[in-house]
Amino acid sequence: MEYKFTTANFEGEVLNSEIPVLVDFYADWCVPCKMMAPVIEEMASKYDGKMKVGKCNIDEEDGLARKYRVMNIPNMKIFVKGEVAGTIVGAVEPGELEEEIKKVL
């Protein structure tokens, strides 16, 4: 299941999550973000129950983007126990993203 993270649910779904969380900070107009969308969907399905995987639109949630210093997108951050445990910036191969995920599982 792919989540949608917003200011309203970020604390509960990400920061207080019992399991690791992958947040894809993206924008609808970003071509590399669109390229990563199927990869994010695949990871959401593959790691369902082991990790929450979802998206945060930086145009709609600019406060979160500023707080987590998202300067370039796509920007995928892995949160463990409310802390950023890994960051991947730019369009990457699925295997590279999966390597980062496996580090925290």
Side-chain angles (χ1 to χ4, degrees):
M1 173 179 142
E2 190 175 307
Y3 290 79
K4 179 178 180 179
F5 300 119
T6 65
T7 302
N9 73 5
F10 201 83
E11 184 174 350
E13 293 290 349
V14 178
L15 302 180
N16 295 330
S17 178
E18 296 291 320
I19 59 176
V21 183
L22 172 70
V23 180
D24 174 22
F25 289 92
Y26 79 103
D28 291 329
W29 48 262
C30 168
V31 174
C33 298
K34 290 178 184 178
M35 291 169 48
M36 287 302 297
V39 176
I40 299 298
E41 280 181 44
E42 177 186 338
M43 297 301 150
S45 176
K46 187 171 188 174
Y47 291 100
D48 191 33
K50 297 177 188 166
M51 170 181 259
K52 291 181 186 178
V53 178
K55 297 174 157 290
C56 180
N57 186 315
I58 64 162
D59 290 330
E60 296 170 2
E61 307 296 337
D62 61 324
L64 286 173
R66 279 195 309 273
K67 181 175 182 177
Y68 292 101
R69 297 191 169 119
V70 175
M71 302 295 184
N72 298 302
I73 53 174
N75 189 312
M76 292 141 293
K77 295 193 182 291
I78 299 174
F79 290 80
V80 177
K81 297 181 179 164
E83 300 292 325
V84 177
T87 301
I88 304 99
V89 179
V92 296
E93 294 292 324
E96 189 176 337
L97 180 58
E98 199 158 14
E99 281 179 38
E100 289 299 314
I101 290 170
K102 287 180 179 177
K103 287 179 185 177
V104 300
L105 292 180

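Computed from a prediction, not measured in an experiment: that's the story for all the values here. Scope of the values below: all heavy atoms of this structure, side chains included, with no hydrogens, waters or symmetry mates.
At a threshold of 4.5 Å between side-chain heavy atoms, the hydrophobic network of Ile, Leu, Val, Met, Phe, Trp and Tyr places Val14 and Leu22 in two separate groups. The hydrophobic clustering, which links ILVMFWY residues whose side-chain heavy atoms are closer than 4.5 Å, places Val70 and Val23 together. Each of Val92 and Val89 belongs to its own hydrophobic cluster when Ile, Leu, Val, Met, Phe, Trp and Tyr are linked at side-chain heavy-atom distances under 4.5 angstrom.
The shortest heavy-atom contact between Pro94 and Met43 is O-CE, 3.8 Å. Of all heavy-atom pairs spanning Lys77 and Tyr68, the tightest one is CE-O, 3.1 Å. Contact between Ala27 and Asn57 at its shortest, heavy atoms only, is CA-OD1, 4.5 Å. For the pair Met51 and Val104, the tightest heavy-atom approach, listed with the atom from each and the gap, is CE-CG2, 3.8 Å. Closest non-hydrogen pair, Met35 versus Ala91, comes out as CE-CB, 4.3 Å.
Note: Ile19 CD1 to Lys81 NZ = 13.0 Å, rounded to the nearest 0.5 Å. For the atom pair CE of Met36 and CG of Leu97, the computed distance is 5.0 Å after rounding to the nearest 0.5 Å. In this structure, OG1 in Thr7 is found 4.0 Å from CG in Leu64, a value given to the nearest 0.5 Å. Atom CZ of Arg69 sits about 11.5 Å away from atom OG1 of Thr87, to the nearest 0.5 Å. The distance from the CG atom of Leu15 to the CD atom of Glu13 is 10.5 Å, given to the nearest 0.5 Å. To the nearest 0.5 Å, atoms CG (Asp28) and CD1 (Ile58) are separated by 10.0 Å.
Remark: side-chain polar atoms of Asn9 are paired, donor with acceptor, to backbone N or O of Lys4 under 3.5 angstrom.
Counting only heavy atoms from C-beta outward, the side chains of Glu100 and Met76 never approach each other to under 4.5 Å. Within the 4.5 Å cutoff, the side chain of Phe79 has heavy atoms near those of the Val84 side chain. Put simply, the side chain of Ile73 does not reach to within 4.5 Å of the side chain of Pro32, judged on heavy atoms. Within the 4.5 Å cutoff, the side chain of Glu2 has heavy atoms near those of the Ile40 side chain.
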Test salt bridge (Lys or Arg N to Asp or Glu O under 4.0 Å) applied to Glu99 and Lys102, step by step: CA-CA 5 Å; Glu99 281 179 38; Lys102 287 180 179 177; over 6 Å; no
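Ring orientation note: the planes of Phe5 and Phe10 are nearly perpendicular, at an angle over 60° on the 30°/60° scale.
With sequence neighbours left out, the ring pair (Phe, Tyr, Trp, His ring centres under 6.0 Å) criterion links Tyr47 to no other residue.
With hydrogens and angles left out, the side-chain atoms of Thr6 and Glu61 include no donor and acceptor closer than 3.5 Å.
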